[in-house]
Amino acid sequence: MASGQKIPARMTAIAISEPGGPRVLKPETRDVPQPGPGEILIKVHAAGVNRPDVQQRKGAYPPPPGASDLPGLEVSGEVAALGDQISRWRIGDRVCALTPGGGYAEYVRVHAGSVLPLPAGFTHTEAAAVPENYFTVWHNVFERGGLKKGETLLVHGGSSGIGTTAIQLASAFGAYVITTAGSQEKCDACLKIGADRAINYREQDFVTAVKEATEGRGANVILDMVGGDYVQRNYEAAAVEGRIVQIAVQAGAVASADFSKIMVKRLTHTGSTLRPRTVEFKAAIAATLEAQVWPLLGTRKVAPVMDMIYPLTDAWRAHERMEEGEHIGKIVLDVG
Ligand SMILES: NC(=O)c1ccc[n+]([C@@H]2O[C@H](COP(=O)([O-])OP(=O)(O)OC[C@H]3O[C@@H](n4cnc5c(N)ncnc54)[C@H](OP(=O)(O)O)[C@@H]3O)[C@@H](O)[C@H]2O)c1
């Protein structure tokens, strides 16, 4: 292992002391992890907070085998040490990375294929808000959903970290973007970042609104994090040959739906979860993002929508904010 500045043996990390509410997130002193072959050690400056961290804290989303038990799926920072077989990265490089866990800490061990350079001109707190949402949206909207220029994307949860990313990327790549959100303030925020139409789902039926906005055709791709009764309604809002991509089921994993719509409209209903995928799969997405999306981040044609930044030791407050559901965009931890 090659390392630059002296790396301490111990570090501060935020652990889940037991499954439960935000207050179970407690600072602990842990051993600094050692990078293995093909891995690098990052000195973390900022860590993104994501809904799956909340699920993990509650005991509903256990880390995949081999991953850290600490929460945290994305970080930005500096390369502090290199494992064997690393050619691209050097000690001191400013990077951001997707992590399979362990991001809420001063140091994290990451596979080199999940690491990307800091987008040009980005602060660490901004860069930490990028990986989890950009990897997820790229794969699900553009690869699974096959969204093309000129098509219509319907994004549910438009003001979420995922939603704001999907709106910006789809709009940047020439799609017509319709989104749903739970308040006028959230709808306004979605319109400001490029949504063509924002539907307050508490006041208006999104199926009717999507049909109106598309002259009856419906949406070509639907990114859904809701599930439950949205399954049937997505089938109704979809265009012929539409693709519905499920990335979460916050309103329920079990639903009753009229599956004849799938035949009549020739729909595809698919979905995925990012965290348990192989390092090779993540490296392939990283390479595509660097080629296609990093230039857009560098010119700020797309950029994470920042909500709040908390110190690492206040991670519980960050989770409280996320669960209150008032946030728009990304919540980030400043690790120092
Ligand atoms: N599959 C994957 O690989 C993957 C990866 C990352 C994240 N995700 C999932 O993607 C979702 C967004 O993640 P995030 O970190 O961006 O979270 P977030 O910022 O907390 O967003 C959650 C969003 O869900 C919406 N929502 C929740 N319940 C709803 C309901 N019953 N009806 C309509 N909208 C509802 C909220 O919209 P309102 O506030 O407007 O109600 C909010 O915008 C989460 O469910 C997360 O688990 C999946």
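For ligands, and for the atoms within them, numbers begin at 1 and follow the listed sequence.
- Checking Gln246, Glu185, Gln250 against atom 27 (C) of ligand 1, the nearest heavy atom belongs to Gln250.
- Scanning all heavy atoms of the two residues, the minimum distance from Ile86 to Gly38 falls at CD1-C, 3.4 Å.
- Of all the atoms in ligand 1, the ones that sit under 4.0 Å from a non-hydrogen atom of Met225 are 11 (C), 12 (C), 23 (C), 24 (O).
- Summarising the local packing, CD of Gln34 is surrounded by 12 or fewer heavy atoms from other residues, nucleotides or ligands at distances under 6.0 Å.
- Atom numbering of ligand 1 starts at 1 in the shown order; those under 4.0 Å from a heavy atom of Tyr230 are 32 (N), 33 (C).
- With respect to the salt-bridge test (charged N to carboxylate O, under 4.0 angstrom), the residues Asp69 and Arg30 qualify.
- Annotation for Ile162 and Leu223: closest pair CG2-CD2, 4.0 Å, computed over non-hydrogen atoms.
- Backbone and side-chain nitrogen or oxygen atoms of Gly158 are examined, and none is located within less than 3.5 angstrom of a nitrogen or oxygen of ligand 1.
- Taking every heavy atom of both residues into account, Tyr235 and Asp258 meet most closely at CD1-O, 3.9 Å.
- Polar contact check, Pro52 against ligand 1: no nitrogen or oxygen pair lies under 3.5 Å apart.
- Contacts between His327 and ligand 1 below 4.0 angstrom, taking non-hydrogen atoms only, involve the side chain exclusively.
- The pair Glu151-Arg243 counts as a salt bridge, with a side-chain nitrogen and a carboxylate oxygen less than 4.0 angstrom apart.
- Neither the backbone nor the side chain of Glu324 has any atom closer than 4.0 Å to an atom of ligand 1 (non-hydrogen atoms only).
- For atom 8 (N) of ligand 1, the nearest non-hydrogen atom of the protein is Ile247 O, 4.0 Å.
- Which of Ser272, Gly329, Ser160, Pro276 comes nearest to atom 1 (N) of ligand 1 through a heavy atom is settled by distance: it is Ser272.
- A salt bridge is absent between Arg10 and Glu28: the closest approach of a Lys/Arg side-chain nitrogen to an acidic carboxylate oxygen does not fall below 4.0 angstrom.
- For Gly163, the heavy-atom gap to ligand 1 stays at 4.0 angstrom or more.
- Of the protein's non-hydrogen atoms, the one nearest atom 14 (P) of ligand 1 is Arg51 CB, 3.8 Å.
- A salt bridge does not link Lys186 with Glu326: every distance from a Lys NZ or Arg NE/NH1/NH2 to an Asp or Glu carboxylate oxygen is 4.0 Å or more.
- The residue Gln55 has no part lying near ligand 1, judged by heavy-atom distances below 4.0 Å.
- For the pair Glu290 and Arg88, the salt-bridge criterion is met [side-chain N within less than 4.0 Å of a carboxylate O].
- Note that atom 23 (C) of ligand 1 has protein non-hydrogen atoms nearby, at separations under 4.0 angstrom.
- Proximity to Gly161 (heavy-atom distance under 4.0 Å) selects the following atoms of ligand 1: 16 (O), 19 (O).
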May I have the step-by-step check of side-chain contact (heavy atoms from CB on, under 4.5 Å) for Tyr104 and Asp53, ending in yes or no? CA-CA 10 Å; Tyr104 290 15; Asp53 307 345; 2.6 Å; yes

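- With ligand atoms numbered from 1 in the order given, ligand 1 contributes 40 (O) to contacts under 4.0 Å with heavy atoms of Ala181.
- Salt-bridge check for Arg94 with Glu78: failed, with every basic side-chain N at 4.0 Å or more from each acidic carboxylate O.
- When the shell of 6.0 Å around NZ of Lys148 is examined, it contains more than 12 heavy atoms from other residues, nucleotides or ligands.
- Checked for salt-bridge contact, Lys265 and Glu236 miss the test: no charged N lies under 4.0 Å from a carboxylate O.
- Checked against a 6.0 Å centroid threshold, the rings of Tyr201 and His156 do not count as neighbours.
- By the 4.0 Å heavy-atom criterion, Lys186 is counted among the residues contacting ligand 1.
- Atom 40 (O) of ligand 1 has Gly182 N, 2.7 Å as its closest protein atom, hydrogens excluded (heavy atom only).
- Using a cut-off of 4.0 Å between Lys/Arg side-chain N and Asp/Glu carboxylate O, Arg233 and Asp229 are scored as salt-bridged.
- Below 3.5 Å of separation, one finds no N or O of Asn133 facing any N or O of ligand 1.
- Where the criterion is an N or O separation shorter than 3.5 Å, residue side chain and backbone included, Val226 fails it with respect to ligand 1.
- Ring to ring, Trp138 and Phe142 are close: their centroids are under 6.0 angstrom apart.
- Residue-ligand proximity: His139 is placed with every non-hydrogen atom at 4.0 Å or more from ligand 1.
- Polar contact with ligand 1: present for Ile162 (N/O pair, distance under 3.5 Å).
- Residue, atom and distance of the protein heavy atom nearest to atom 36 (C) of ligand 1 are Gly157 CA, 4.7 Å.
- Polar contact with ligand 1: present for Tyr201 (N/O pair, distance under 3.5 Å).
- With ligand atoms numbered from 1 in the order given, ligand 1 contributes 2 (C), 3 (O) to contacts under 4.0 Å with heavy atoms of Leu274.
- In terms of polar-atom proximity, defined here as any N/O pair under 3.5 Å, Ser183 makes no such contact with ligand 1.
- Using a 4.0 Å cut-off between heavy atoms, Ala248 contacts ligand 1 through its side chain alone, with no backbone atom that close.
- Near Arg202, meaning under 4.0 Å from any of its heavy atoms, are these atoms of ligand 1: 41 (O).
- Residue Glu132 has no nitrogen or oxygen atom sitting less than 3.5 Å from a nitrogen or oxygen atom of ligand 1, judged on distance alone.
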